[in-house]
A.B. asks: 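Please find one structure pasted underneath; my questions will follow.
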Amino acid sequence: MKNQIVELSIATTDGKFTAKYTPEGLAELDFPVGRTKGAGAGSNEIPAQFHRWHRITESALKSVLAGQKPKQLPPLVPTGTEFQKSVWNVMRKIPAGRTKSYGEVAQAIGRPRAVRAVGGACGANPIPILVPCHRILAANKKLGGFSGGLDWKRKLLAREGIVF
DNA sequence: TCCGTATTGAACT
DNA sequence: AGTTCAATACGGA
């Protein structure tokens, strides 16, 4: 076998997300891109472990999309540097309905000047939503940016009761 | 080594 | 009040 990455789709009310799993766990989660792929079809010999993770991922994803805190998360295996992992780790500690600025995150990882680097790490985040990068706002409560489009970020925040 | 970035805060008009 | 500028930290070519 070639260390294959398994891609499975998650159908939500907001579109079809694509989850990518490695033998280690969930490695990446993509927003709906509109391109219809063969999807989970052709799943001949997908180990039960993938389906098990997928079930958890699907539940967690839908919970966050509904503005609620997921009960359980699948094993996350993000690909990135130590710095990025630190940033993502801080993000995961942000409670639902609460936002944090890039500067706050920078301080949390002990690099108060690395605000822009934090932004870069957010953009490099392979697992949006489950790693709540959408709860990161600019210092002046501005939206900043978002991988899947600012429309998503705005919508997700609104569902958590965060208003501007 | 240089450039780009999902920032920030201060100066300027 | 809106806009421009320089600074800072990290990743990628």
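Residue numbers begin at 1 in each chain, while the letters A, B, ... track the order of the sequences. Everything numeric in this text was worked out from a predicted model, so none of it was measured.
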A.B. asks: Flag the pair A:E160 and A:R98 as a salt bridge only when some basic side-chain nitrogen lies within less than 4.0 angstrom of an acidic carboxylate oxygen.
C.D. replies: no
A.B. asks: Just call it for A:R116: base, sugar-phosphate, or nothing, with non-hydrogen atoms closer than 4.0 Å on any strand.
C.D. replies: base
A.B. asks: Roughly how many Å is it from NZ in A:K142 to P in C:dG2, rounded to a whole number?
C.D. replies: 11 Å
A.B. asks: Between A:H54 and A:E7 (side chain of the first, backbone of the second, donor and acceptor by atom type, cut-off under 3.5 Å), is there such a pair?
C.D. replies: no
A.B. asks: Using a 4.0 Å heavy-atom cut-off across all strands, classify A:S147 as base, sugar-phosphate, or nothing.
C.D. replies: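 The residue A:S147 makes base contact.
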A.B. asks: Which is true for A:G120 with a 4.0 Å heavy-atom rule: it touches a base, it touches only sugar-phosphate, or it touches nothing?
C.D. replies: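 Nothing: the residue A:G120, judged by heavy atoms under 4.0 Å, touches no strand.
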A.B. asks: Where the side chain of A:A117 is defined as all heavy atoms beyond and including C-beta, which of B:dA6, B:dT8, C:dC10 is the nearest nucleotide?
C.D. replies: C:dC10
A.B. asks: So, do A:Y21 and A:L8 sit near enough that their side-chain heavy atoms are less than 4.5 Å apart?
C.D. replies: yes
A.B. asks: Determine whether A:Y102 and A:L137 make a side-chain contact, defined as any pair of heavy atoms from C-beta on separated by less than 4.5 Å.
C.D. replies: no
A.B. asks: Under 4.0 Å between any heavy atoms, over every strand shown, what does A:A114 touch: base, sugar-phosphate, or nothing? Just pick one.
C.D. replies: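 Sugar-phosphate, backbone atoms only, no base.
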A.B. asks: Figure out the CD/P separation between A:Q107 and B:dT8, and round it to whole Å.
C.D. replies: 11 Å
A.B. asks: Atom CH2 of A:W88 to atom C1' of C:dC10: distance rounded to whole Å?
C.D. replies: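 Nearest whole value for this atom pair: 13 Å.
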A.B. asks: Of the nucleotides B:dT8, B:dA6, C:dA9, which has the atom closest to the A:C133 side chain?
C.D. replies: B:dA6
A.B. asks: To the side chain of A:F146, which of C:dC10, C:dG11, B:dA6 is closest?
C.D. replies: B:dA6
A.B. asks: Roughly how many Å is it from CD in A:Q84 to P in C:dA9, rounded to a whole number?
C.D. replies: 17 Å
A.B. asks: Should A:R111 be listed as having a side-chain N or O under 4.0 Å from OP1 or OP2 of C:dC10?
C.D. replies: yes
A.B. asks: Which part of the nucleic acid, if any, lies within reach of A:F83 when heavy atoms closer than 4.0 Å are counted: base, sugar-phosphate only, or nothing?
C.D. replies: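 Sugar-phosphate: the residue A:F83, judged by heavy atoms under 4.0 Å, touches backbone atoms but no base.
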